[in-house]
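Everything below concerns the one structure shown next.
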Amino acid sequence: MMPQAIAETAFDILYLCFALMAGLTMLIKGKDSLVKKAGLMAALLGAGDSFHLVPRSYALWTTGLEANAAALGIGKFITSITMTIFYLILYYIWREYYQVKGRKKLTGIMWGLSILRIVLCLLPQNQWLVYRQPLLFGILRNMPFAIMGIIIIAIFAQESQKRNDRIFRFMPLAVALSFGFYLPVVLFSGVFPIIGILMIPKTLAYVWIVLMGWNLYKREKLNKTE
């Protein structure tokens with residue numbers, strides 16, 4: 001367990017520091033509302049994931065994952081909520097960046113999926129406090145989340161190609177990769193724990209998303225100096 005504890009802890013520290021520092025920098029120093037939204041999204045990502053990753057690192061260094069099931073489950077629950085809000089913010093970044101007007105039905109769908117996901121996460125059947133949680137509810141609570149991801153991929157792909165946009169041109173790929181690495185963990189990690197290693201490239205996909213938001217901040221700074 002020691003090599004795993006060292007590797008995971010080092011990776012998690014770097015990731016959380018990056019997400020939080022990038023997010024807070026954009027929130028505090030950014031002037032444009034788009035930059036602040038990107039900052040809020042990144043800071044929420046780092047803060048939310050810390051509730052899961054910090055207890056996980058503690059568990060790896062002490063009595064093991066199963067002995068710390070309750071703390072890990074609570075962290076996973078909090079992360080599930082913050083990631084839902086993360087994609088809702090990303091939707092509003094898409095609207096503002098591409099100056100999308102109207103589309104009330106699409107906005108309603110995104111809000112509806114977000115609320116449904118959060119309600120499903122709140123149900124006691126998830127059994128967040130046990131080590132091996134029911135696969136059925138793992139699938140159910142992630143269905144609206146996956147639909148949100150598909151929508152984000154589609155709308156960013158449509159607008160970035162139409163406008164030959166350079167900042168968010170790889171957003172569809174980054175989001176697709178994040179879900180591509182995450183869903184096998186939801187489905188199969190209970191049977192094949194080694195699949196949990198896919199959470200590392202999933203996390204790197206989120207780092208990529210944050211870096212795209214950081215480009216908004218860099219552009220704002222560049223415009224000020226010109």
(request) For the residue pair Leu216 and Asp32, establish whether any side-chain heavy-atom pair is separated by less than 4.5 Å. (result) no

(message) Checking Ile74 against Trp128 for the side-chain contact (heavy atoms from CB on, under 4.5 Å) test, could you report, in this order, the C-alpha distance in whole Å, the side-chain angles of both residues, the deciding distance, and whether it holds?
(response) CA-CA 6 Å; Ile74 292 170; Trp128 290 111; 5.9 Å; no

(request) State, yes or no, whether a side-chain contact exists between Phe156 and Val175 at a heavy-atom distance under 4.5 Å. (result) no

(message) A side-chain contact here means heavy atoms from C-beta on lying under 4.5 Å apart; do Leu177 and Pro201 qualify?
(response) no

(request) Find out whether Leu173 and Trp208 are in side-chain contact, i.e. whether some heavy atom of one side chain is under 4.5 Å from a heavy atom of the other. (result) yes

(request) Calculate, to the nearest 0.5 Å, the distance between atoms CG and CE belonging to Leu90 and Met41 respectively. (result) 5.0 Å

(message) What I'd like to find out is whether the side chain of Met83 reaches to under 4.5 Å of the side chain of Leu45, using heavy atoms alone.
(response) yes

(message) Less than 4.5 Å apart, side chain to side chain, heavy atoms only: is that true for Ile152 and Ile155?
(response) yes

(message) Taking the side chain as everything from C-beta on, heavy atoms only, tell me whether Phe168 gets closer than 4.5 Å to Asn215.
(response) no

(message) When you compare the side chains of Arg117 and Thr84, does any donor N or O come within less than 3.5 Å of an acceptor on the partner?
(response) yes

(message) Does Glu66 have more than 12 heavy atoms from other residues, nucleotides or ligands lying within 6.0 Å of its CD?
(response) no

(message) With rounding to the nearest 0.5 angstrom, report the OG to CG distance, Ser80 to Leu120.
(response) 11.0 Å

(message) Any heavy-atom pair between the side chains of Ile78 and His52 that's under 4.5 Å?
(response) no

(request) Output, in order, the C-alpha distance, side-chain angles, deciding distance and verdict of side-chain contact (heavy atoms from CB on, under 4.5 Å) for Leu122 and Phe77. (result) CA-CA 8 Å; Leu122 290 169; Phe77 163 72; 3.6 Å; yes

(message) Quick check on ring-ring contact (aromatic ring centres under 6.0 Å, His included): which of Phe86, Tyr182, Phe181 does Tyr206 satisfy it with?
(response) Phe86

(message) Measuring from atom CG of Leu187 to atom CD1 of Ile139, what distance do you get when rounded to the nearest 0.5 angstrom?
(response) 5.5 Å

(message) To the closest 0.5 Å, what do you measure between CG (Asn142) and CZ (Phe137)?
(response) 12.5 Å

(request) Show your working on side-chain contact (heavy atoms from CB on, under 4.5 Å) between Phe11 and Ile200 and close with a plain yes or no. (result) CA-CA 9 Å; Phe11 178 83; Ile200 292 177; 3.9 Å; yes

(request) Calculate, to the nearest 0.5 Å, the distance between atoms CG and CG belonging to Leu211 and Leu204 respectively. (result) 10.5 Å

(request) Evaluate whether atom CG of Leu106 has more than 12 neighbouring non-hydrogen atoms of other residues, nucleotides or ligands under 6.0 angstrom away. (result) yes

(request) Hey, could you give me the CG/CD1 distance between Leu44 and Ile89, rounded to the nearest 0.5 Å? (result) 5.0 Å

(message) Parallel, tilted or perpendicular, judged at 30° and 60°: which one describes the rings of Phe179 and Tyr87?
(response) tilted

(request) Take Arg166 and Ser160 through the test side chain to side chain donor-acceptor pair (under 3.5 Å) and record every step on the way to the result. (result) CA-CA 8 Å; Arg166 296 186 63 83; Ser160 61; over 6 Å; no

(message) Going by side-chain hydrogen bond (donor to acceptor under 3.5 Å, both in side chains), Asn126 matches just one of Lys76, Gln133, Arg141. Which one?
(response) Arg141

(message) With a 4.0 Å cut-off on N to O distance, would you call Lys31 and Glu220 a salt bridge?
(response) no

(request) Step by step, work out the side-chain contact (heavy atoms from CB on, under 4.5 Å) result for Lys218 and Trp214. (result) CA-CA 6 Å; Lys218 286 168 60 179; Trp214 184 259; 3.4 Å; yes

(message) Checking side-chain polar atoms at under 3.5 Å, does Asp165 have a donor or acceptor matched by the opposite partner on Tyr97?
(response) yes

